[in-house]
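This report refers to the structure that appears directly beneath it.
Only a predicted model underlies this, so the values are computations on that prediction, with no experimental measurement involved.
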Amino acid sequence: MPTNGLHQVLKIQFGLVNDTDRYLTAESFGFKVNASAPSLKRKQMWVLEPDPGQGPAVLFRSSHLGRYLSAEEDGRVGCGAERPGPDCRFLVLPQPDGRWVLQSEPHGRFFGGTEDQLSCFATTITTAELWTVHLAIHPQAHLLSVSRRRYVHLCPQEDEMAADGDMPWGVEALLTLIFQSRRYCLKSSDSRYLRSDGRLVREPEAQACYTLEFKAGKLAFKDCDGRYLAPTGPAGTLKAGRNTRPSKDELFDLEESHPQVVLVAANHRYVSVRQGVNVSANQDEELDHETFLMQIDQDTKKCTFYSSTGGYWTLVTHGGIQATATQVSASTMFEVEWRGRRVALKASNGRYVCMKKNGQLAAISDFVGEDEEFILKLINRPILVLRGLDGFVCHRRGSNQLDTNRSVYDVFHLSFSDGAYQIRGRGGGFWYTGSHGSVCSDGESAEDFLFEFCERGRLAIRARSGKYLRGGASGLLRADADVPSAVALWEY
């Protein structure tokens, strides 16, 4: 199968939170480190790297500086090493409550402290040496079993999750990592949590919480009994096995979850590849053949559409559109024009894609009319997590408004109607725009919002006023941006 960026493993970035709920921070001035920040921003992000010597030690590299955390023999710590030396090597000792202890490998001392009083000189472990791992990546992704090379899916009929998919296709392949009491839960697309015995439950109980462990850039999930999640049996059912140390069977990759969409033409039928290579609007239901993976090129902002049959949409002779390309090229790229509740697609020949009388799609139109407009529906985000430039979107405490600068995130529920989306938050209240551009989350009736997929992994949200939702200095979500600039784009 061609990859062409379809399957991209996420680089695991994270923050380390001490016992006083402050994040380990790498400062540019003097390459000093402290634990003073109350939230997870750029300076608080770290990447774990394996020891070049293939030993058990690991390296902590600051995402912000590109330099390595180090501890000297006298306990002094810093983040000035451009290349990892012996003082940069640490052992990660997971604790029963899910937190980590960092031990200098060459010196045997433990790393901890508060504020700007950090050191690596402790000979015993106290609460000051305990660190909570907080992932800095967007929490919605696909999970790939390293040993089986299969993707984890929700299996509603069997009431389980299983590593059985060749492709992360459809809504069932979406997983959301929920940060809960210093541990992580795996939330399925139908808002249930995976317990270590393989059952799916509605609440994040103790047996549905896991400690994250990293091994050679891969993830392992350790349950409260010290056992690890792994695919088991012929079906690949995901549950905790017997192993108390992670082997290849217990390791997973997190992969980026691209938007998967369905399109509806003017004849009210779904665009499909069910009846062959020609892309046609001729189906009455949305299944795998009607679902397309949509990728946005970061430079041109044009899109490709990849089908479940393994081919990209491509422009062929006489303007026809077929799902036969195995590589991305100019003929597989389409420009998307956002037209309110509808979209128009312009092919590489400069003409718009239209629906012909027989339902087949062809790029033969110079202007946009009814036959050139489509409804585009995002299908693999029934639950939604949004992150902007300053942090995640989250309910503001004691208010019906929404923060945009939080380290933690709320999960919102998404519904769709006639080209527009409705967003529902905690307690079932709907998002709506109030006075002076404020966005509130306790509406009794739904307001329609328009999604525009402007960049890879980012979307713009347009309110009924025509303004875009943005973050800003106030930390509140507002609907007052005229254009989808950087502050009005959201990872989703």
Side-chain angles (χ1 to χ4, degrees), residues 6 138-142 153-154 167-176 187-191 255-265 268-273 279 281 283 285-297 301-308 313 334-345 373-388 393 409-425 430-431 446-464 468-469 484 488-492:
L6 286 176
H138 192 280
Q140 293 183 295
H142 300 308
H153 283 74
L154 170 67
M167 283 277 291
W169 209 256
V171 64
E172 289 83 8
L174 179 72
L175 291 176
T176 303
K187 192 171 189 177
S188 64
S189 57
D190 65 354
S191 296
E255 289 192 359
E256 182 179 357
S257 175
H258 295 286
Q260 294 180 24
V261 300
V262 297
L263 294 103
V264 181
H268 307 294
R269 306 189 85 182
Y270 290 98
V271 174
S272 176
V273 290
V279 182
Q283 295 298 312
E285 57 181 352
E286 53 176 274
L287 298 173
D288 282 355
H289 286 93
E290 291 72 48
T291 300
F292 301 96
L293 190 148
M294 178 178 167
Q295 282 185 289
I296 302 171
D297 181 76
K301 307 299 186 269
K302 293 181 179 180
C303 298
T304 61
F305 295 93
Y306 187 80
S307 75
S308 62
W313 289 16
F334 295 84
E335 182 181 341
V336 181
E337 291 185 5
W338 304 98
R339 305 172 63 87
R341 292 174 179 264
R342 302 292 187 267
V343 300
L345 304 176
E373 288 190 325
F374 299 86
I375 296 173
L376 186 146
K377 174 186 174 184
L378 176 69
I379 63 124
N380 65 332
R381 290 297 186 279
I383 53 179
L384 187 69
V385 175
L386 295 173
R387 181 166 70 172
V393 176
Y409 43 85
D410 280 335
V411 175
F412 302 98
H413 293 263
L414 206 60
S415 52
F416 182 85
S417 177
D418 189 31
Y421 298 85
Q422 301 79 41
I423 307 171
R424 189 163 38 89
F430 288 98
W431 285 22
E447 179 177 325
D448 288 340
F449 292 89
L450 304 179
F451 285 8
E452 299 178 5
F453 303 96
C454 301
E455 293 186 5
R456 178 175 179 150
R458 289 174 170 80
L459 59 81
I461 303 175
R462 199 169 191 175
R464 63 183 175 186
Y468 291 94
L469 273 57
L489 292 178
W490 306 94
E491 286 184 63
Y492 61 97

Q: Ignoring hydrogens and angles, tell me if any N or O in the side chain of Trp490 forms a donor-acceptor pair with the backbone of Leu469 under 3.5 Å.
A: yes
Q.
Is any side-chain heavy atom of Ser257 closer than 4.5 Å to one of Arg381?
A. yes
Q) About how many Å separate CZ of Phe451 and CZ of Phe453, when rounded to the nearest 0.5 Å? A) 7.0 Å
Q) So do Val271 and Trp313 actually touch side chain to side chain, heavy atoms under 4.5 Å? A) yes
Q: Compare all side-chain heavy atoms of Tyr492 with those of Leu414 and state whether any distance is below 4.5 angstrom.
A: no
**Q.** Short side-chain donor-acceptor distance under 3.5 Å, Gln422 and Ser415
**A.** yes
**Q.** Nearest atoms (heavy-atom pairs only) where Trp169 meets Thr291
**A.** CZ2-O, 3.2 Å
Q.
Please check: side-chain N/O of Ser308 versus main-chain N/O of Asp288, any donor-acceptor pairing under 3.5 Å?
A. yes
Q) Looking at CH2 of Trp431 and CG of Asp448, how far apart are the two atoms once the value is rounded to the nearest 0.5 Å? A) 14.0 Å
Q | Under 3.5 Å: donor-acceptor pair, side chain of Glu286, backbone of Val264 | A | no
Q | Heavy-atom side-chain contact between Phe305 and Leu293 under 4.5 Å | A | no
Q: Of all the heavy-atom pairs spanning Asn380 and Leu174, show the shortest one and how long it is.
A: O-CD2, 3.1 Å
Q | Derivation of the side chain to side chain contact (heavy atoms under 4.5 Å, CB included) call for Phe416 and Ile375 | A | CA-CA 11 Å; Phe416 182 85; Ile375 296 173; 3.6 Å; yes
Q) What pair of heavy atoms forms the shortest contact from Pro382 to Ser189, and how long is it? A) CG-O, 3.5 Å
(Q) As an exercise, state the distance from CG of Leu175 to NZ of Lys187, rounded to the nearest 0.5 Å. (A) 12.0 Å
Q: Determine yes or no for a side-chain-to-main-chain donor-acceptor pair under 3.5 angstrom, with Glu452 supplying the side chain and Arg462 the backbone.
A: no
Q | Heavy-atom side-chain contact between Asp418 and Arg342 under 4.5 Å | A | yes
Q.
Nearest 0.5 Å, please: how far is CG in Leu459 from CD in Glu491?
A. 10.0 Å
**Q.** Considering all heavy atoms, the nearest Ala460-Tyr468 contact
**A.** CB-CD2, 3.8 Å
Q | Closest approach of Cys454 to Ile296 (non-hydrogen atoms, all atoms of both residues) | A | O-CG2, 4.1 Å
Q | Gap between atom CG of Leu345 and atom CD of Glu373 - 0.5 Å precision | A | 11.0 Å
Q) If only atom types and distance count, is the side chain of His138 paired as donor or acceptor with the main-chain N or O of Arg387 below 3.5 Å? A) no
Q | Shortest non-hydrogen separation from Glu290 to Ser272 and the atoms involved | A | OE2-OG, 2.6 Å
Q.
Would the distance check show the side chain of Tyr421 and the main-chain N or O of Leu378 forming a donor-acceptor pair, the cut-off being under 3.5 Å?
A. yes
Q.
Donor-acceptor pair, distance only, cut-off 3.5 Å: does the side chain of Gln295 make one with the backbone of Tyr306?
A. no
Q | Main-chain N/O of His153 paired to His142 side chain as donor or acceptor, under 3.5 Å | A | no
Q) How long is the span from the CD1 atom in Ile461 to the CG atom in Leu489, to the nearest 0.5 Å? A) 10.0 Å
Q.
When you compare the side chain of Arg341 with that of Leu450, does any pair of heavy atoms fall below 4.5 Å?
A. yes
Q.
For Ile383 and Phe412: C-alpha separation, side-chain torsions, deciding distance, then whether side chain to side chain contact (heavy atoms under 4.5 Å, CB included) applies.
A. CA-CA 6 Å; Ile383 53 179; Phe412 302 98; over 6 Å; no
Q.
If the test is side-chain contact (heavy atoms from CB on, under 4.5 Å), which one of Val273, Thr304, Ile379, Val262 qualifies with Phe292?
A. Val273
Q: Would you indicate whether the side-chain heavy atoms of Leu384 and Val411 approach each other to under 4.5 Å?
A: no
Q.
Any heavy-atom pair between the side chains of Met294 and His258 that's under 4.5 Å?
A. no
